[in-house]
Asks: 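Structure in structure tokens, see below.
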Amino acid sequence: MSREYVLQSFRPPVNLQIDYANELNAQQHAAVTAPPGAALVIAGAGSGKTRTLIYRVAYLLEQGIPPDRILLLTFTNKAAKEMMRRVADLLGSELSALWGGTFHAVAARILRRHAETLGYRPDFTIIDRDDANELLKTCISEAQIDVKATRFPKTDVLANVFSMAVNKLQSVSEILAGEYEFFSTLAPQIEDIARRYTARKKAANVMDFDDLLVNWLRLLREHDAVREQYQGQFQFILVDEYQDTNKLQGDLIDLLGARHKNVMVVGDDSQSIYAWRGADFRNILEFPKRYAGAQTYKIEVNYRSTPEILEVANAAIAPNVNQFAKQLAPARKSGSKPVLVTCGDGNEQAAFVAQRVLELREEGAPMDKMAVLYRSHFHALELQLELTRRNIPFSITSGIRFFEQAHIKDVAAYLKLVSNPTDELAFKRLVQMLPGVGGKGAEKLWSNWNAEHGTRSAEQGTLAAALQKCSAAVPKKAATAWAEFVITISQLEAPAIRAQPAKMIRQVIEAGYEDYLQETFPNHRSRLDDLEQLASFALQFTSTEDFLTQLSLLTNLEAEAEQAASKDTEQLRLSTIHQAKGLEFDVVFIIMLCDGMFPSARSMESTDGEEEERRLFYVAITRARNELYLSWPLIRATAGYGGDLMQQRSRFLTEIPAELIEEWNLRPFNPYG
């Protein structure tokens, strides 16, 4: 008779430098000291996600795992460097051997070693978007596509289509059908451009940013020895902000971790708000399915917000069906209830925010610890004007200056030219949108226009008629577009439209500018939304000149706010919610909480869209530390419907139990009681 006797491997006791149990809460400690194997760490807002990752790396190193056997993937180089610095500080030693960085940085490092395996030289160049656009122009020319005869997408749009196809692991045709349906009929030509673009990059020994990930995945899939090398080397893989990974990144992680299965991903499904740029929510949601036996750790103790704010946050996200259920638990003492304010219109909402900001400042709350958050930049137009009127300093966090964006300036140029036919900048901007008209052509046309318009008398007719007389100076390839331009100007100067800037904006959109958006800009839908809301904003002005004056004022305000933001002064922060992710403030105002605005009208067309908007609302709420104010206007000017419309309170507000919030009813001040 025989029996099996298991021989255990001997390990001397580990003498830990760090008292993990003392420095972490129970939930963090459980994740940090998790045994080998797949692990999903759901780290709620304000729960110490970064701290957990840092201590996990330190814990692995203290267990004797060599630094070069650990791979830490992040979304920014800054985050990777900060984490590695803090781990080094914890352990008192340098960690140069540890593999840490963004997906693209790690990909480049590996590809330099194995470039020849894929047919590249090790000295390959990484090209930026401008270089990629130049290469795409060459491909279009080589394919003999007449972009003047066919409404063909510009290089920025093509680059975005190809990038989305790569990162979602879909075909170009699938991306066109889902995101650019108006170009679906051109799928064969666009796919041909994609093939030419790939071949030219290879011939030039260059890769764009997407190629780094594509080629990394290809290297692992097609070359067994290389795959086995890195699967063996990376014994432990840790991924930060996992909810923001796309399909390509998800597949890379799964392939790298296939041998050891020691993959720990950290993120918050409730803060997945980047589907529009390719993030795949299913990566985090389906992790337990892809990794059989994976352990899930929830870190729900929130160190940021008061219990009252957390109750509202928990209630706000609860209706989402596709999520890991969690309840943020407070570590702080009780505070005041979040406030809900119903305002008459956008101007009254702006007055409330401005007055309350000044009151809080008088009570001792620093203004630079306050923020006004919104779904779209246009939601804050009235507020910017009100803050300026009251001399309240503010900074704007919304990426590029909003009013400096091309689509806003393009449409404004139409109104400027009709209002002031001698506006040289507006004229040249408009004619350079025509096919085949560059700087020199615009100068020639301006000379013709200036001469023609200068001799025009009131009896000689309209601006459109004067423009028509300049036709001889227009290049042949732009003749059709020029005729359409003349018709558009004729429509804009008609008396019924000329004095109504909202109608003028809508006329520009309908007369062909929407088509121009589609072929020119990858994010054409959001730009069209901007213009629709610009038209709504314009409804409050009684003349085109008044509207253009306010537009100039807002443009200057943005520039001044940007300059002020670079100085260390006390300012109120205005920000889109996407730009505010990862930040926190003592006081947060969330404005324009109306159905169709937040959530956006387009998002309400699908369950997935609405759930992502609800996650965005959750992100906004969880930025607040001490006080939270939620507001919405009863009335909003809406250009598409010809005037003021009664608004419906955001469905997100109706989902919050009444007992969790305090409603404030606004009334005008009466100095006589």
Asks: Measure the shortest side-chain to side-chain distance between Trp482 and Cys470 over non-hydrogen atoms and say whether it is less than 4.5 angstrom.
Replies: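 Yes, close enough: below the 4.5 Å cut-off.
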
Asks: Start with the C-alpha distance between Trp449 and Leu463, add both sets of side-chain angles, then the distance that settles side chain to side chain contact (heavy atoms under 4.5 Å, CB included), and finish with yes or no.
Replies: CA-CA 10 Å; Trp449 166 245; Leu463 292 177; 3.9 Å; yes

Asks: Distance check, rounded to the nearest 0.5 Å: Thr542 atom OG1 versus Gln500 atom CD?
Replies: 10.5 Å

Asks: Determine whether Met604 and Glu613 make a side-chain contact, defined as any pair of heavy atoms from C-beta on separated by less than 4.5 Å.
Replies: no

Asks: Is the shortest side-chain heavy-atom distance between Leu534 and Leu551 below 4.5 Å?
Replies: yes

Asks: Heavy-atom count around Lys369 NZ within 6.0 Å, excluding the residue itself: above 12?
Replies: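 Atom NZ in Lys369 is not packed in, count stays at 12 or less.
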
Asks: Name all pairs fulfilling the side chain to side chain donor-acceptor pair (under 3.5 Å) condition that reach into residues 590-604, sequence neighbours left out, sorted by first residue then second.
Replies: Asp529-Arg602, Asp595-Arg651, Ser600-Ser603

Asks: Can any side-chain N or O of Gln647 pair as donor or acceptor with the backbone N or O of Trp632 at less than 3.5 Å?
Replies: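 Flag not set: sc Gln647 to bb Trp632 has no pair under 3.5 Å.
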
Asks: Give a yes or no on whether the backbone of Ile273 and the side-chain of Arg615 come within a donor-acceptor separation of less than 3.5 Å.
Replies: no

Asks: Side chains of Phe394 and Leu383: does their closest heavy-atom pair fall under 4.5 Å?
Replies: no

Asks: With rounding to the nearest 0.5 angstrom, report the CD1 to CG distance, Ile497 to Leu492.
Replies: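 Going from CD1 on Ile497 over to CG on Leu492, the span is 6.5 Å.
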
Asks: Say whether, by atom type as modelled, one donor and one acceptor occur between the side chain of Arg623 and the main chain of Val619 under 3.5 angstrom.
Replies: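 Checked: pair present.
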
Asks: My understanding is that only residues two or more places apart in sequence, or in another chain, count here; which of them pass ring-ring contact (aromatic ring centres under 6.0 Å, His included) with Phe617?
Replies: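 Partners of Phe617 by the ring-ring contact (aromatic ring centres under 6.0 Å, His included) criterion, ordered by chain and then number, come out as Phe598, Phe652.
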
Asks: What's the spacing between Asn347 CG and Leu381 CG if we round to 0.5 Å?
Replies: 10.5 Å

Asks: Rounded to the nearest 0.5 Å, how far apart are CD of Glu662 and CG of Leu628?
Replies: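 CG of Leu628 is found 12.5 Å from CD of Glu662.
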
Asks: Would one find more than 12 heavy atoms of other residues, nucleotides or ligands at under 6.0 Å from atom CZ of Phe75?
Replies: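 Correct, the count exceeds 12.
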
Asks: Heavy atoms, side chains only, cut-off 4.5 Å: are Lys581 and Glu241 in contact?
Replies: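 Sidechains of Glu241 and Lys581: in contact.
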
Asks: Taking all heavy atoms of Leu417 and all of Asp423, pick out the closest pair and write down the distance.
Replies: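 It is CD1-O, 4.3 Å.
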
Asks: Test your reading of the model: is there a side-chain donor-acceptor pair from Arg361 to the backbone of Met367, 3.5 Å cut-off?
Replies: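 Side chain of Arg361 to backbone of Met367: no pair is present.
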
Asks: Does Leu548 form a side chain to side chain contact (heavy atoms under 4.5 Å, CB included) with Phe541? I'd like the steps, not just the answer.
Replies: CA-CA 9 Å; Leu548 290 172; Phe541 300 100; over 6 Å; no

Asks: Is a donor on one side and an acceptor on the other found under 3.5 Å between the side chain of Tyr374 and the backbone of Ser575?
Replies: yes

Asks: Is Arg573 paired with Asp368 through a side-chain N to carboxylate O contact shorter than 4.0 Å?
Replies: no

Asks: Are Gln468 and Ser471 close enough that a side-chain donor and a side-chain acceptor fall under 3.5 Å?
Replies: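 Gln468 vs Ser471: donor-acceptor pair found between side chains.
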
Asks: Under 4.0 Å between a Lys/Arg side-chain N and an Asp/Glu carboxylate O for Arg498 and Glu545?
Replies: yes

Asks: I need the minimum non-hydrogen distance between Gln518 and Val157, along with the two atoms involved.
Replies: O-CG2, 3.9 Å

Asks: State whether Glu443 and Lys440 are salt-bridged, where the test is any N-O pair (Lys NZ or Arg NE/NH1/NH2 against Asp/Glu carboxylate O) under 4.0 Å.
Replies: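 Salt bridge absent between Glu443 and Lys440.
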
Asks: Could you check whether Tyr516 and His407 have their ring centres less than 6.0 Å apart?
Replies: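 When the ring centroids of His407 and Tyr516 are compared, they turn out to be at least 6.0 Å apart.
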
Asks: Assess whether atom NZ of Lys154 is packed by more than 12 heavy atoms of other residues, nucleotides or ligands within 6.0 Å.
Replies: yes

Asks: Between Glu611 and Arg614 (salt bridge meaning N to carboxylate O under 4.0 Å), is one present in this structure?
Replies: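 A salt bridge is absent here (no side-chain N lies under 4.0 Å from a carboxylate O).
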
Asks: Run Tyr414 and Ile505 through side chain to side chain contact (heavy atoms under 4.5 Å, CB included) and show every step you take.
Replies: CA-CA 8 Å; Tyr414 279 97; Ile505 293 168; over 6 Å; no

Asks: Taking all atoms of both residues into account, what is the closest heavy-atom pair of Ala620 and Ile577, and its distance?
Replies: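 That would be CB-CD1, 3.8 Å.
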
Asks: Report yes if some heavy atom in the side chain of Asp410 is under 4.5 Å from a heavy atom in the side chain of Arg429; otherwise report no.
Replies: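 Heavy-atom side-chain distance check passes, below 4.5 Å.
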
Asks: For Ile175 and Phe162: C-alpha separation, side-chain torsions, deciding distance, then whether side chain to side chain contact (heavy atoms under 4.5 Å, CB included) applies.
Replies: CA-CA 8 Å; Ile175 296 298; Phe162 300 158; over 6 Å; no

Asks: Checking Glu493 side chain against Ala464 main chain: does a donor-acceptor pair fall under 3.5 Å?
Replies: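 Yes.
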
Asks: Under 4.5 Å between any side-chain heavy atoms of Leu517 and Leu531, yes or no?
Replies: yes

Asks: Can you find a pair of side-chain heavy atoms, one from His377 and one from Gln384, that are under 4.5 Å apart?
Replies: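 Sidechains of Gln384 and His377: in contact.
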
Asks: Between Glu510 and Lys503, does at least one N-O distance fall below 4.0 Å, as a salt bridge requires?
Replies: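 Looking at Glu510 and Lys503, the cut-off is not met.
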
Asks: Give me the atom names and distance for the closest heavy-atom approach of Leu572 to Ala371.
Replies: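 Closest pair (atom of Leu572, atom of Ala371, distance): CD1-N, 4.2 Å.
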
Asks: Would you say the ring centers of Tyr180 and His524 fall short of 6.0 Å from each other?
Replies: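 Yes, they do, as the ring centres are separated by less than 6.0 Å.
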
Asks: Is Glu181 salt-bridged to Arg525, going by a charged N under 4.0 Å from an acidic O?
Replies: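 Salt bridge: yes.
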
Asks: State the CG-NE2 distance between Leu574 and His379, to the nearest 0.5 angstrom.
Replies: 14.0 Å

Asks: List the atom of Ser631, the atom of Cys343, and the distance in Å for their closest heavy-atom pair.
Replies: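 The answer is CB-SG, 4.4 Å.
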
Asks: Distance from Phe209 atom CZ to Ile127 atom CD1, nearest 0.5 Å?
Replies: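 Between atom CZ of Phe209 and atom CD1 of Ile127 there are 10.5 Å.
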
Asks: What's the shortest heavy-atom distance between Thr488 and Ala511, and which atoms?
Replies: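 Taking Thr488 first and Ala511 second, the nearest heavy atoms are OG1-CB, 3.5 Å.
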
